[in-house]
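Down below is the structure, laid out as structure tokens.
Residue numbers start from 1 in every chain, and the chains themselves are labelled A, B, ... in the order their sequence lines are given, proteins ahead of strands.
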Amino acid sequence: MPIYSFYIFDRHCECIYVKQWLERERNSLRPTTSSGASIINSPLSGAPDKRISAGTIADQSLRTAPGRLSVQDDAKLVFGVVFSLRNMVRKLSGPEDNFVSYRTGSYKLHYYETATNLKFVMLTDVKMSNLRVVLHQIYVNLYVEYVTKNPLSPVEHPGGEGVAVELFELGLDRFVQTIQEA
Amino acid sequence: MVILSILILNKAGGLIYQRDFNEGLKKLSSNDYLVLAGTFHGVHAITSRISPVPGSGGLEVLESDQFRMQCFQTLTGTKFLVFAEPHQPNIDVVCRRVYELYADYVMKNPFYQIEMPIRCESFDRHLMAYIKPKQ
């Protein structure tokens, strides 16, 4: 079952890590909007990027065809959605309740929040079972091990600084591979 | 079958019906419910926008530790939100049945003003009879 993308947001509501595994061709099927603001006028990259890794999100300009949101804009929307839903769930059934996941007709979003307000989000196929444990594993075995314990990494990660280290990315890739094959 | 609560949103995201059936969710003020409905309406639109695969609809099922919410959007844009216990199966059937009741007892009510809050006694009665048959 395919895994589409993975996001980490820090407690300052900033996206500190994005990884997308799918080929971004969805815009070819979606009508472009006529409003000038949403049209991204960057030169079309010929081959679709298979692996968009945005370690330093600030300086990345990964854009595909017009009408598509950039990776950063996507991340902002994803954050907005999980933030609103988390607040909605808490409002409805008390502060001890947690938002776990939601699904639409074509994808499923899994959510895990640590005690330090780090938010892990994963977008997968609809049929994927609950991945909260997996996101917890990523936090414990990869994030804490390779990012938090890294002596060269800053305490906070503005613009994703220090998160996309090689060991973390390798571990994440391997981890995701095993879930996809399962 | 344990249904906690049912909300109906009109196509503009306004709350037109809210009713609790079982304990499980907190009681909110009517203003909070309106805010909640508006927020959900927006989130629903964004969820179809951030889809990694083309042609996705909006949010259908939301899961949390303590409840599961099914959202059913009709072709005309009205949304039915059904809150149930976390592992309750077949909530989509409930959604469709509520839609049927809505069509029969709200839309066919000559005094009902479209897009306005639902105050139809027969709808209330039939909904209650469907969700909580024993009482």
Mark yes when over 12 heavy atoms from residues, nucleotides or ligands other than [X] sit less than 6.0 Å from its [atom1]; otherwise mark no.
| X | atom1 | result |
| --- | --- | --- |
| B:Lys11 | NZ | no |
| A:Glu96 | CD | yes |
| B:His87 | NE2 | no |

Should [X] and [Y] be counted in the same cluster of Ile, Leu, Val, Met, Phe, Trp and Tyr side chains packed under 4.5 Å apart?
| X | Y | value |
| --- | --- | --- |
| A:Val147 | A:Leu118 | yes |
| B:Tyr33 | B:Phe67 | yes |
| B:Val61 | B:Val93 | no |

Region of A:Ser5 in contact with chain B, defined by heavy-atom distances below 4.5 Å: neither
Derivation of the side-chain contact (heavy atoms from CB on, under 4.5 Å) call for B:Val53 and A:Tyr4: CA-CA 9 Å; B:Val53 274; A:Tyr4 298 124; 3.6 Å; yes
For [X] and [Y], work out which heavy atoms get closest and say how close.
| X | Y | answer |
| --- | --- | --- |
| B:Phe40 | A:Met88 | CD1-CE, 3.8 Å |
| A:Tyr107 | B:Thr47 | OH-O, 2.6 Å |
| A:Val89 | B:Ser64 | CG1-CB, 3.6 Å |
| A:Asp97 | B:Gln66 | OD1-N, 3.2 Å |

Separation of [Y] [atom2] from [X] [atom1] (nearest 0.5 Å):
| X | Y | atom1 | atom2 | answer |
| --- | --- | --- | --- | --- |
| B:Lys27 | A:Leu92 | NZ | CG | 11.5 Å |
| B:Glu63 | A:Phe99 | CD | CZ | 9.5 Å |
| B:Leu28 | A:Lys91 | CG | NZ | 6.5 Å |

Within residues 123-142 of chain A, residues adjacent to chain B where the heavy-atom gap is under 4.5 Å: A:Leu123, A:Arg132
Those residues of residues 75-85 of chain A, ordered by number, that approach chain B below 4.5 Å (heavy atom to heavy atom): A:Leu77, A:Val78, A:Val81, A:Ser84, A:Leu85
Any residue of residues 13-22 of chain B which, by heavy atoms, sits under 4.5 Å from chain A: none
Given B:Asp65, B:Leu25, B:Leu4, the one that forms side-chain contact (heavy atoms from CB on, under 4.5 Å) with A:Ser93: B:Leu25
Side-chain donor-acceptor contact under 3.5 Å, A:Thr104 with B:Ser56: yes
Residue pairs, two or more places apart or on separate chains, that pass salt bridge (charged side-chain N to carboxylate O under 4.0 Å, His left out) and touch residues 107-123 of chain A: A:Arg86-A:Glu113
